[in-house]
2 protein chains.
Amino acid sequence: MSQHGLLGVLVSPNVKETQLFVSEAIMQRRTVLAIGRCSVHYVGRAASKLEPGERIVIFKADGSLLVHRSVGYEPVNWMPGGDTLVNSRLVDEVLEVRAIRKRPVESVVIVFDRLQLVASFVLEDSGDFSLYASELDMQKAVLVKPELLENGFRPITFEKKVEPGFVDVFGEDKDGNLVVVEIKRKTASKEAALQLSRYIEAVRARTSRRVRGVLAAPDLGKDVQRMLVTLGLEFRHLDPHRCAEALVRVESTKLIDFFKKA
Amino acid sequence: MSQHGLLGVLVSPNVKETQLFVSEAIMQRRTVLAIGRCSVHYVGRAASKLEPGERIVIFKADGSLLVHRSVGYEPVNWMPGGDTLVNSRLVDEVLEVRAIRKRPVESVVIVFDRLQLVASFVLEDSGDFSLYASELDMQKAVLVKPELLENGFRPITFEKKVEPGFVDVFGEDKDGNLVVVEIKRKTASKEAALQLSRYIEAVRARTSRRVRGVLAAPDLGKDVQRMLVTLGLEFRHLDPHRCAEALVRVESTKLIDFFKKA
DNA sequence: AATTAAATTTCGCCT
DNA sequence: AGGCGAAGTTTAATT
């Protein structure tokens, strides 16, 4: 296993030693943390200017960059990774770090005049990240546990291409009727109802069987219930959290098998 | 001025001293940085699990929290600030940090079993942040420099309510025709064209004068040019960057005066 | 409080 | 490479 962990720390360094430290660390594709007083200029899709102040700056191995202020979940300035090039230099007693990328063409320039803490790392991180109950996960939950939607429901396919777009889940109910299911992980809007209605028409054009349309979501938006009645569609409550629970109870191997045969 | 800057650093601390350090720093509303091996569990609007690995974790003064992996601009886990409560405790030789908030009810639990660097700060940051060339700024740019849109254009109002929605800019051209302008800061879509078309109809219903519709954007989406021709509308190239430049050249005082009389 | 529109949205998937 | 839609989207503005 290659070297990893904390590789170097500078406490209250001067600008010159910081430049040497940072330029080497970035060249070596390490993660660099810099806390200090800086100003930031961004030009690209828009343009922004951040006056001097103390911030946390992170330079990652993929070229991505984050500038964080003392409050707020979102970075005040940033640069996505990928084709971003980062380099640093000394200019008149200050440290200037430039990050530039093309497509879209944009650049972030950070100028430090005082540093409080600078560190570099190689983060060893192979841990899996799994997210449950996205819209896709809700589809899967209905497939592996159809009673979440309705008793006796038997799914046939999912993400099936029908002309106007995609049907989330397609199946049969206990009486043998075709069922088209549109799943939303948030409050379903009128657009969702109209979308489902278009699907239904496309399906009905290809069969003489009775076709039911079910909008499955945790909630219904304003006036959508009325619209569903008008369109001859049904609403079914579907809770993202219960979908997540249903998925957790299924071993991933079984889930993989299910989707292989689906 | 109150105490600020770097308040404490721990290099490769054990879990116990980290818990003491972190709990005190969070209580004092300081910014805390922790780099170490951890796992993360999130439950709330969705649910996620992050297996152990080395990450950068930031706890901010407002309760917000970020977990960053070695690559990628976005945090793998996070918590917005506001009503978030953060606390930490020792559990079986590991450090557990919990962040909980209501509305929406969600929680992030981070478990550290090894730390590489821990630090706390008070970030002194009063520097202004200004962003140029948002869609609103593009409207302003056209108002203070109408020739950005077209020679002889004279703006009358902006964000004027017309029935189907809002008109971005409303004015007259050099021949005295009414001009309705819809501004988009990105590639204009068909929807933008239809939106403008609806505006135009609403305006025409209230006047006998000739009414021109201009869609101003940096670019046109697929087939939108054809749609504009069909709808009898015009396209005008409008560059966000040039709008930003135009705004920079206008002193903020003059801009304020302009909008007061507008 | 709820709905809509924008975001330097990002990110994925499909055409 | 471009377009469409989802996101633990977030955020701000407006009804």
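The figures here come from the full heavy-atom set of this structure, side chains too, leaving out hydrogens, waters and symmetry mates. Throughout, a chain's letter reflects where its sequence line sits, starting with A, and its residues are numbered from 1.
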**Item:** Span that lies between the P atom of D:dG8 and that of C:dA2, in whole angstrom
**Value:** 22 Å

**Item:** Value in whole Å for how far the C1' atom of C:dT8 lies from CG of B:Asp239
**Value:** 14 Å

**A:Met138 CE to D:dA7 P, straight-line distance once rounded to whole Å** = 9 Å

**Asked** Quick one: CG on A:Leu196 to CG on A:Leu231, what's the gap to the nearest 0.5 Å?
**Response** 8.5 Å

**Request:** Test A:Phe59 against A:Thr31 for side chain to side chain contact (heavy atoms under 4.5 Å, CB included), laying out the working first.
**Result:** CA-CA 6 Å; A:Phe59 302 97; A:Thr31 304; over 6 Å; no

**Request:** Kindly state which residues belonging to residues 58-78 of chain B come within less than 4.0 angstrom of DNA chain D, counting heavy atoms of the residue only, listed by number.
**Result:** B:Asn77, B:Trp78

Tell me which donor-acceptor pairs under 3.5 Å the side chains of residues 33-47 of chain A have, and how far apart each pair is, sequence neighbours excluded?
| residue | atom | partner | partner atom | Å |
| --- | --- | --- | --- | --- |
| A:Arg37 | NE | A:Asp113 | OD1 | 3.2 |
| A:Arg37 | NE | A:Asp113 | OD2 | 3.2 |
| A:Arg37 | NH2 | A:Asp113 | OD2 | 2.9 |
| A:Tyr42 | OH | A:Arg45 | N | 2.9 |
| A:Tyr42 | OH | A:Glu106 | OE1 | 2.5 |
| A:Arg45 | NE | A:Glu106 | OE1 | 3.1 |
| A:Arg45 | NH2 | A:Glu106 | OE1 | 3.3 |
| A:Arg45 | NH2 | A:Glu106 | OE2 | 3.1 |

**Message:** Counting neighbours of CZ on A:Arg236 that are heavy atoms of other residues, nucleotides or ligands and sit closer than 6.0 Å, is the number greater than 12?
**Reply:** yes

**Request:** Check DNA chain D against residues 41-55 of chain B and give the residues with a non-hydrogen atom under 4.0 Å, in numerical order.
**Result:** B:Tyr42, B:Arg45, B:Ala46

**Asked** Looking only at atom types and distance, does a side-chain atom of B:Thr230 sit under 3.5 Å from a main-chain N or O of B:Arg226, one as donor and one as acceptor?
**Response** yes

**Asked** For B:Glu74 and B:His68, what are the C-alpha separation, side-chain angles and deciding distance, and is it a side chain to side chain contact (heavy atoms under 4.5 Å, CB included)?
**Response** CA-CA 7 Å; B:Glu74 286 189 320; B:His68 272 276; 5.9 Å; no

**Asked** If the C1' atom of C:dA7 is compared with that of C:dC11, how far apart are they to the nearest Å?
**Response** 14 Å

**Asked** Between B:Pro155 and B:Pro146, is any pair of side-chain heavy atoms under 4.5 Å apart?
**Response** yes

**Asked** Over how many whole Å does the gap from B:Leu196 atom CG to C:dA5 atom P extend?
**Response** 15 Å

**Request:** Send over the distance from A:Leu220 CG to C:dT3 P, rounded to a whole Å.
**Result:** 11 Å

**Fill in**
When rounded to whole Å, the CE to P distance for the pair A:Met79 and C:dA7 reads 19 Å

**Message:** Taking only the P atom of each, what is the distance from C:dT4 to C:dT8 in whole angstrom?
**Reply:** 22 Å

**C:dT3 - base-pair partner by Watson-Crick or wobble geometry, distances under 3.5 Å** = D:dA13

**Request:** Report yes or no: does A:Lys60 contribute a side-chain atom to a donor-acceptor pair with the main-chain N or O of B:Tyr73 at less than 3.5 Å?
**Result:** no

**Request:** Report the C-alpha distance between B:Asp125 and A:Arg55 in whole Å, list the side-chain angles of each, state the deciding distance to 0.1 Å, and finish with yes or no for salt bridge (Lys or Arg N to Asp or Glu O under 4.0 Å).
**Result:** CA-CA 7 Å; B:Asp125 184 2; A:Arg55 285 116 197 182; 2.6 Å; yes

**Message:** With rounding to the closest Å, how many angstrom separate the C1' atoms on D:dT11 and D:dA7?
**Reply:** 14 Å

**Message:** On DNA chain C, does the nearest nucleotide to A:Pro80 precede the nearest nucleotide to B:Lys184 from the 5' side, or the other way round? Give the residue.
**Reply:** B:Lys184

**Item:** Nearest-nucleotide comparison on DNA chain D, the residue closer to the 5′ end among A:Arg103 and B:Val108
**Value:** A:Arg103

